[in-house]
Amino acid sequence: QLSSALSQAIVDGRIDTSAGTSANEALKNAVSHLGNPDVHKATLIGYLVKAKEILTGITAAGGLVQGITHLIQVIRGLFV
């Protein structure tokens with residue numbers, strides 16, 4: 001859902017194409033690693049933090065940043 005919301009924000013012109021594309025790639029990398037049984041928490045969180053850092057400060061991305069932050073918290077909880 002985050003990736004599709006980000007893509008829509010890019011299409012709508014609410015988020016810069018370059019920043020949005022970079023953040024979307026980081027999200028896609030995180031998702032692609034979810035299916036790996038040997039995935040490391042740090043790898044997933046690293047991709048999500050990268051997406052969050054790219055989007056932080058972009059007013060239109062506030063909800064996306066909150067969603068990514070929540071996802072990071074969930075992943076941390078899964079790997080306790």
Side-chain angles (χ1 to χ4, degrees):
Q1 289 178 342
L2 288 172
S3 184
S4 62
L6 180 54
S7 294
Q8 188 61 49
I10 294 167
V11 169
D12 293 346
R14 292 179 285 132
I15 295 177
D16 173 72
T17 302
S18 177
T21 301
S22 294
N24 214 0
E25 285 300 315
L27 288 175
K28 287 179 183 179
N29 283 331
V31 169
S32 73
H33 280 83
L34 286 174
N36 182 349
D38 297 324
V39 67
H40 296 282
K41 174 175 81 170
T43 301
L44 290 174
I45 291 176
Y47 286 125
L48 295 172
V49 166
K50 180 178 179 181
K52 179 182 168 185
E53 287 174 351
I54 292 167
L55 296 174
T56 297
I58 300 174
T59 303
L64 293 168
V65 172
Q66 288 176 341
I68 293 169
T69 300
H70 177 72
L71 188 54
I72 290 169
Q73 292 170 346
V74 168
I75 290 172
R76 284 185 176 142
L78 291 175
F79 285 87
V80 174

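In terms of heavy atoms, Ala51 sits closest to Ala23 at CB-O, 3.7 Å. Looking at every heavy atom in both residues, Ile58 comes nearest to Ala19 through CD1-CB, 4.2 Å. Of all heavy-atom pairs spanning Arg76 and Lys41, the tightest one is CA-CD, 4.0 Å.
Ser7 pairs by the side-chain hydrogen bond (donor to acceptor under 3.5 Å, both in side chains) definition with Asn24, not counting sequence neighbours. Partners of Leu48 according to the side-chain contact (heavy atoms from CB on, under 4.5 Å) rule, which considers only residues two or more places apart in sequence or in another chain, are Leu27, Ala30, Ile68, Leu71, Ile72, Ile75. For Ala5, the side-chain contact (heavy atoms from CB on, under 4.5 Å) partners two or more places apart in sequence, or in a different chain, are Leu64. Residues satisfying the side-chain contact (heavy atoms from CB on, under 4.5 Å) test with Asp12, not counting sequence neighbours, are Gln8, Arg14. For Ser18, the side-chain contact (heavy atoms from CB on, under 4.5 Å) partners two or more places apart in sequence, or in a different chain, are Asp16. Remark: His33 engages Tyr47 in a ring-ring contact (aromatic ring centres under 6.0 Å, His included) (not counting sequence neighbours).
Distance check: Leu6 CG to Ile15 CD1 gives 5.0 Å after rounding to the nearest 0.5 Å. In this structure, Leu55 CG and Gln66 CD are separated by 12.0 Å, a value rounded to the nearest 0.5 Å. For the atom pair Lys52 NZ and Leu2 CG, the distance stands at 12.5 Å (nearest 0.5 Å).
Using a 4.5 Å cut-off on side-chain heavy atoms (C-beta onward), Asn36 and Thr43 make no contact. Side-chain contact between Leu34 and Leu44: present, with at least one pair of heavy atoms (C-beta onward) separated by less than 4.5 Å.
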